[in-house]
Amino acid sequence: MRLRLLGSLELEGVRFTRPKPLLLLAYLALEGSRERRFLAELFWPEAKRPLGSLSVALTQLNKAHPGAVRTHGRRLYTPLPTDVDELIDAVARGEWARAVRLYGGTFAEGLDLRLGHELEEWVFQMRERVAVWAARAHLELGHQALHRGAFDRARKHAEAAYVLERAWGLSDPATVVELLRKSGSPLLDDFVREHGRAEPVPCRVPRPVTRHLGRREELEAIERLLVREGQRWVTLVGMAGVGKTRTAIEAARRFCRRRYFADGVVWVELDADADADLPARIAEALKLAPDPRRLGWEDLAARIDRRSVCIVLDGIERFHAQGGELARLVVRCPGLHLLATSRVRLGAAAERCLYLDGLSVDPEASGEPPPAVALFLERARRVHAELVEGTAAVEELCQVWQGHPLAIELAASWADLFPAEELARRFSPPNLPRPRNGESDLETLLEEAYEQLPSAAQRVFPGLGVFEGGFDVEAATDVLGADIDTLAVLSDRALIWARNGRLGLHPLLRQLALRRLAQRPGEEAEAHAAHARHYLDRLLRHVQGLNRGDEPTLALMRKDHANLRAAWERAATLGWHDRLAPLAEPLLRFFDRQGRFEEGRRWFEAVLARAGDGGLRAPFALAAAWLWIRLGDLGAAERLMESVAVGPDPVPNARLEQNRGMLAYRRGDFAAAAEHWRRAAALAREGADPWARTAVLQNRAIAVFSMGDHEAARRLFLEALAVQEAHRHEADMAKTYNNLGNLLRVMGRSGEAERMLNQGLRRARRLGLGQIEPFLLYNLGQLALASGRYADALGRFEAALEGSRHSRERVLEASCQINLGLTSAHLQRWVEAERHLRQGLAAAWKVGEAAEVARGLVVWARLEQAQGDPRRACRLLRTALELPELRAHNRREAESLLEAFDPGACLGAPYRSVSEALEDLGVVAPA
């Protein structure tokens, strides 16, 4: 139920028309909870008993809709949404068409009450506010229509904005003028008569030779700060070549077009002479009357006085020392606005800094290339007009340099000599794009910025190159001895970025730092070693979190992933295997839960490549072997396990038995798998490792489940769940909920199964367990399939398939394809069913998942039965029943299907082998 306030005042779906109680409801919905006495005196200021009048209104409301108004102590509130809330949301999201649809008319239209002054003022303000929001939506849609050449639609929106302007007044009449003129509206003359001249304001801003690309968010932020939020000095701060000047030009020209400043916009380009007379330069640009005396700041302020003008100061960092005078000038002149560009934050009290990064490497609008790619293509076509758009190499190049405009332009200038792929290779770190034909030398600009640093910052900056991705103050202090003041200097000069407590370097600046660090060989080695020590110590402090999979540890792995990987590889290179060994099993649990099998394998094999044949190989080899099994390469896993020499330590022995059990399970030998996992459980108890213990309990339960002993499997899962709850193993609990839910599904306890699976899904999503979530979705799909909810099942299996591909869970991917085939068969989509089954059987065969291949044959038999081919269906069922890998519940299903056939129609012998069966089905089975 919703409270409708635009164009009416009503509670949708309820026949209740009393205006004052409805207005009370509107007030609570929009303003939030209020005390009873305040509301009583606001709405019934002249009543003898205002609280009594309030009580009557509340009774009427709650009778019309129980729960419309609720109490919290002495305060009242309503949970009801309103169409005004939806309008605010649409405007905040930039969903202008939705905003226009929502604006059904004046706020509380038709309200005819005698209200107190304060309440009447509130209603008027709300009417004005929503009208301004609607007008803004019409203006934005009008500009979009003009851009597309849809002049009739632009005219419609312009005239709608004009109507609102006449009724309420707008802060942006220049935009209405522009839309009315460009769309050819006959209302332009009326508007000009009412608002005076409509000519453009003075605009002394450079006209660029190329079109502006990207920076939509930055331009909107500049406009919002300087025009709408009352900030009168904004400085664009960024490293050399990042596009500060070009962005300032575009912002200034936008100000001119929209006539925000009655006396115009003026551009002041500042050269390298820091001793130049800045007041005189500004006065000259403003074309103020000449004065024989040297013009000081007081004289300049007096000349500007109350002029409504925006001055753009390009390159203000050269006048850093005069920041205080500029701030006083802004205070003295109430109509003056400053937009500055600088490589350095000036630090004046009146200054608001907006830091510029590179151009976006993501599209700003559908169907358009990312701004960084568009810049490359436009610049490259100056030297190579036939350049083909959208190559992956161009996108890669733009991403490598994080959209830095000058780096992209310099690389693109070589497009006539090298194809895009060669440019991406030639101009990727550490090779900077080189200038051509006398263009700006990027390396010189960066070196110049470094040379201008104070000595303390020059000492720290090169060492920052050892960090990959972002870092924090603690890391910079521990690794390099950097103090907060030095980091602040680097941030103020845009040589490091700082966001939400994280710091970092643009790739161009990182290359400069690494070049400088390489000139100090002793310091370089120590910086890399200190970096490795710091991040390994962080990992060691989070061992228990890695085991549990808790959110603080996941946040660490997300934020510092690149640094942790670099520290691990550096430690492996330095031979610190004894420091890495305690992290092997916890990290394996992290990679396994997150489904990052390939990445984890690379981490462990980086150590194995340098570990020799000593006993320290065991934890890394066993961890890598487990991940190879998860990736479906059982041979690679077996070779690694054979290379391991284990001793009396129960921890690696438990991992070895875990791996052997998984190998046996994948090959369909469930009894052997259960035995290996029984031994692993005993070793886990001996090693007092609760995580290993719960893992083997789960695996034993899966093996017992596959052999058909459901009750024993349930007890093992519950035992694992009890240990996990006792030790707060939240991530592992999600996995157990999945396994237990699947078991309960097979046992026919669908209600319990669904509760378990949904509980696991909520936990997995809360913890970001991308590897476990697809399994939960798959089993929920199984439930939907069993209950005949085929559309729901398709959605679940498709989501699980996408997740399994993302996490490279090859076995689950095969299972999803097989179940999508089964679901499609139920929906009689025979072509889709066969396609999914072929893909699923091929995938299962490729990874050696014999049990899933056997199940796929049973599913295909169902398909043949439904299509009226009992002969092939019988052959497939008999072939599957001869396979020892067929799980017990799938075996019972196959036997039941076979018994249902007419004996006379089921005379065919089974296939001689699985390969023959797959070949007959048209499955391309890899060797």
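- Interatomic distance, L11 CG to T82 OG1, rounded to the nearest 0.5 Å: 11.5 Å.
- Contact detail for D305 and P334: the closest heavy-atom pair is O-CD, 3.8 Å.
- Taken to the nearest 0.5 Å, the CD atom of E773 stands 11.0 Å off from the CG atom of N738.
- Heavy atoms of other residues, nucleotides or ligands lying less than 6.0 angstrom from CZ of R18 number 12 at most.
- P371 and L359 make their closest contact through O-CD1, 4.0 Å (heavy atoms, listed as atom of the first residue, atom of the second, distance).
- Among residues at least two apart or in separate chains, salt bridge (charged side-chain N to carboxylate O under 4.0 Å, His left out) pairs with a member in residues 76-90 are R2-E86, D89-R93, D89-R98.
- Taken to the nearest 0.5 Å, the CZ atom of F107 stands 11.5 Å off from the CG atom of L87.
- Within the structure, salt bridge (charged side-chain N to carboxylate O under 4.0 Å, His left out) contacts touching residues 64-74 (residues at least two apart or in different chains) do not occur.
- The backbone N or O of A68 sits less than 3.5 Å from a side-chain atom of T78, completing a donor-acceptor pair.
- Annotation: F16 is not in aromatic contact with H65 [ring centroid separation under 6.0 Å not met].
- Look at E250 and R215 and you find no salt bridge, because none of the NZ, NE, NH1 or NH2 atoms lies under 4.0 Å from a carboxylate O.
- The two atoms that bring P774 and A800 nearest to each other are O-CB, 3.3 Å, heavy atoms only.
- Without hydrogens or angle criteria, R232 side chain to V330 main chain gives a donor-acceptor distance under 3.5 Å.
- Here the options are L780, N819, L777, D792, the test is side chain to side chain contact (heavy atoms under 4.5 Å, CB included), and the partner is F797; only N819 passes.
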Derivation of the side-chain contact (heavy atoms from CB on, under 4.5 Å) call for L24 and L54 | CA-CA 9 Å; L24 170 66; L54 174 64; 3.7 Å; yes
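- Of all heavy-atom pairs spanning V361 and A372, the tightest one is CG1-CB, 4.1 Å.
- Separating the CG atom in L3 from the CD atom in E12 is a distance of 8.5 Å, to the nearest 0.5 Å.
- Between L6 and L102, the shortest heavy-atom contact is CD1-O, 3.4 Å.
- Heavy atoms from other residues, nucleotides or ligands lying under 6.0 Å from CD of E31 number more than 12.
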Decide side-chain contact (heavy atoms from CB on, under 4.5 Å) for V123 and L23; before the verdict, give the C-alpha distance in whole Å, the side-chain angles of both, and the deciding distance to 0.1 Å.
-> CA-CA 9 Å; V123 171; L23 187 63; 4.2 Å; yes
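- For Q402 and D357, the side-chain atoms include no donor-acceptor pair closer than 3.5 Å.
- Here the closest non-hydrogen pair linking S824 and L794 is OG-CD2, 4.3 Å.
- Shown here is R499, whose CZ atom has more than 12 heavy atoms of other residues, nucleotides or ligands within 6.0 Å.
- Below 30°, between 30° and 60°, or above 60°: for H826 and Y790 the angle between ring planes is below 30°, a parallel geometry.
- Ring geometry for H138 versus H157: interplanar angle of 30 to 60°, hence tilted.
- With hydrogens and angles disregarded, no donor-acceptor distance shorter than 3.5 Å links the side chain of R307 to the backbone of C333.
- Between F43 and Y27, the ring-plane angle classifies as perpendicular under the 30° and 60° cut-offs.
- With hydrogens and angles disregarded, no donor-acceptor distance shorter than 3.5 Å links the side chain of K244 to the backbone of L356.
- Distance alone, capped at 3.5 Å, is enough to place a donor-acceptor pair between the Q231 side chain and the A350 backbone.
- Of the inter-residue distances, the one linking L757 atom CG with F775 atom CZ reads 13.0 Å to the nearest 0.5 angstrom.
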